[in-house]
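In what follows, every heavy atom counts, from backbone to side chain, and hydrogens, waters and symmetry copies are set aside. Here is how names work: the chains are called A, B, and so on, in the same order as the sequence lines, proteins then strands, and each is numbered from 1. Being a predicted model, the structure only gives us computed values, none of them experimental.
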Amino acid sequence: MIELRNLTKKFGEVIAVNRLNLSVSQGEIFGFIGPNGAGKTTTLRMMSGILAPTEGSVRIDGINVAKEPEAAKKRMGYIPDRPFLYEKLTGMEFLKFTADLFEVGDGRFRERSESLLKQFSLYAWRDELIESYSHGMRQRLIISSALLHEPKVLVIDEPMVGLDPAGIRMIKNLFKDLSVRGTTLFMSTHTLSFAEDLCSRIGVIHKGRLIATGTIEELKQLAQVKEGDLEEVFLILTEGEAVP
Amino acid sequence: MREILILLRPRMLSIMNRSVSIRGVRFLIFGLLGLLFWGGIFFIFYRVLTYFQSIEGFGDILAFKLLSMTLITFFSLLIFSAILTCLAKLYLAKDLPLVHAMPVSGKKLFLARWLEATFDSSWMVLIYSLPVFLSYAIVYQAGGFYYVVVVLNLVPFCLIASSLSAIAVMVAAILLPAGRIRTVFVFLGLFLALLLVLSFRLIRPEKLVNPESFASVLIYLKNLEAPSSPLLPFTWFLDALKASLASSWEEAIFHTVLSWSGAITLIYLSTWVSGAIYFKGLSKSQTSAGKLLSLGLWSQWVEGYFSHRLTPPVRAFVEKEIKTFFRDQTQWSQIFLVLGLIVIYLFNFSVLPLERSAMKLEYLQNLLSFLNMGLAAFVLSAVSARFVFPAVSLEGKAFWIVLSSPLSIRTFLWIKFIIYFLPLLLLAELLTILTNLLLQVTPFMMVLSVLTVFFMVPGIVAMGIGLGALYPDFNSESPTQSVTSLGGLLYMTLCMGFIGAVIVIEAGPVYSIFMTGIRRGTLTGFQWAWILSSFAIVLALCIAAVLIPMRKGEERLLKREII
């Protein structure tokens, strides 16, 4: 469902992402972990079509993001780590805006928006301007909007940022449910316990290179860790760099 | 004092860091333009004052009337600028939560912010007031004492304006309903627009070109009179300057002391007011952002109108643009100002004393109509620089939504183009047709100007969108001010070049058509070829002005290295 081939991004002399090769199958929850500045967000941005790669390609459901961006984006939902939105729209108006962009019909929009707003506890706030929303509410609104058109692939940058414990639990259950129903999830996170609970496979990126990929057990073998959790594995693989 | 300096430190360090990284070309262009403008002010004042000196008996009266009016203008500018800056610094700045969490008293916080606001709102007025004072010094051959008096009075002049503005903003924050602090922008814009129109109506500048219509010199001078109450700060400044030019040291010092005592009293008063109401007002303004008017019906109309006329992705952006534009109260003040300026523009045409000219009336009417095409297009490009050029940057940090949406950058830019093109075309045509009606031009000139403007407007709007995309600033807190950026400057320069080229290319053929009409003759084959090729070049220029910037802007955004 997701294919990254020799994906590279250079910012001047700095190589943020270096020849990344990766495949993620349908219904998989893929965790993408790495220290700060490792290239996680840059990779996710290239996948979602926000940033153009310097070299290499991204394919979503067989569609090349660089060659057919509109078709690829229609199959995707992107959740950024920082919830910047149109401040002067209400929550409901923003969802309608997203629905129109992704060509969700009026009948389907009414049904989906109501259920998502209720699920994310935003229904009472639907007619308030976004500028009056808290950080967590904005994050929940972005997640709702990304799910509105029922994407085949969900690209998520730090899903936990700004969410309360109830929100985190709800998101966990939601992601598991989406995966069971065939949605592919690709998420970067610093919350290693979250990745451990949820992800079927994990990729570790360090200094722009994918240094390891596999299930938790495979990563433990690679790091030669018999006991211990993902945090231990992460620290060994990234050469003892502190977890931020 | 130590805390105030610490609070000001981030600002000073930011300025220093920025000045190190400032780019050479940009600095050079702005420096040259600034210098040109500075020199222009000096030249105009010097010429006017020299002319006044040649009028025996009235030279000094006229010179001091001019100085009085100039000081009133400076004071109004300082007040207007300080209200906007105080509002931003005291109530809207994004670092307010951070600084209010510091263990510093509210009064000290206020003083630090107020000092910043005073500096930001005054430095430009200060710099551009200097050529005025310099021209008086040279014409009146003033000594060193005059320069000391100027500097000693300029400082309290700015402090007074800034203190008064801070008090007004703090009172407004308490009086306005919670979350409506931005409404100050609306009222300020409305007030300034009304002031502009009223002052123009009251001054009646058209009368000043016709001195013999006044019953006597006395009435003429009375028409130039400006208020000069001893309670007003600009009167203290004026009196100090007059005294120093006349070498009356004691009198000049007295008025300077008056200025300083006024400034110190107002600073004390504003600090006291801040202790009483600033934090209360700030808390009130933080509660929730309110809409100025309930736009429920308007929103429904917008949605209903576009729902069946556009495809869903295009409709999504059109509705978003319209709603966010009208809900942003900072835009309203600008709209009021533009409306005020249009009223003045049209009013000027209605009172032009054409019959007093030595030129033939019909010729003059049509010449003015022809030149008015360029003037209307220039007004339009100034309006576009404020509204169209920042349109792409206004997406701000939410630009990721556009990039991650299944909408091409090309469509996104064309949607922006259409949204601004329609109202601006209406505005430009309205200006052209109304001024033509006021000038009573020939049907040929009416058709020509309507058509020329019709073909120029898409170019002006497309250059705004295209250059806005070429020079986007998605991180700016106030992208509407991006007109002062390098891209904004380039946009205005290109617009002027484009308008000038169209007018110059059309001038020759239009003149020959018009004169042939007046002489009731017929056009030769060569003239026809000239006319047709000129209009074809204009058309090609207009098409290029649309396509090239839009394509360049698209290419820039497609590179996506900008967020």
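Proximity of a side-chain donor or acceptor of B:W400 to a complementary backbone N or O of A:F84 within less than 3.5 Å is detected. Side chain of B:K320 to main chain of A:E93: no donor-acceptor pair is present (N/O by atom type, distance under 3.5 Å, no hydrogens or angles).
Atom-to-atom distance recorded for B:S404:OG and A:L51:CG is 12.5 Å, nearest 0.5 angstrom. Going from atom CG of B:L403 over to atom CZ of A:R45 covers 9.0 Å, rounded to the nearest 0.5 Å. Atom CD of A:E70 sits about 5.0 Å away from atom OG of B:S408, to the nearest 0.5 Å. Annotation: the span from B:R315 atom CZ to A:K96 atom NZ amounts to 4.5 Å, rounded to 0.5 Å. The OG atom of B:S405 sits 6.5 Å away from the CZ atom of A:F97 when rounded to the nearest 0.5 Å.
The neighbour count for A:R82 CZ, taken as heavy atoms of other residues, nucleotides or ligands under 6.0 Å away, does not exceed 12. For B:R410, the CZ atom is loosely surrounded, since the number of other residues' heavy atoms within 6.0 Å does not exceed 12. Around the CZ atom of A:R19, the shell of radius 6.0 Å holds no more than 12 heavy atoms that belong to other residues, nucleotides or ligands. A 6.0 Å sphere centred on CZ of A:R126 holds more than 12 heavy atoms belonging to other residues, nucleotides or ligands.
Heavy-atom pairs under 4.5 Å with chain A were tallied for B:P406, B:P313, B:A398; the largest tally goes to B:P406. Note on A:T98, A:V104, A:V155, A:L85: by heavy-atom pairs under 4.5 Å with chain B, the leading option is A:L85.
A search for side chain to side chain contact (heavy atoms under 4.5 Å, CB included) contacts involving B:R551 returns B:E555, not counting sequence neighbours.
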>> Would A:I50 and B:F399 count as a side chain to side chain contact (heavy atoms under 4.5 Å, CB included) here? Give the steps.
In response: CA-CA 9 Å; A:I50 292 181; B:F399 188 57; over 6 Å; no
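Across every non-hydrogen atom of A:D100 and B:P312, the tightest pair is CB-O, 3.1 Å.
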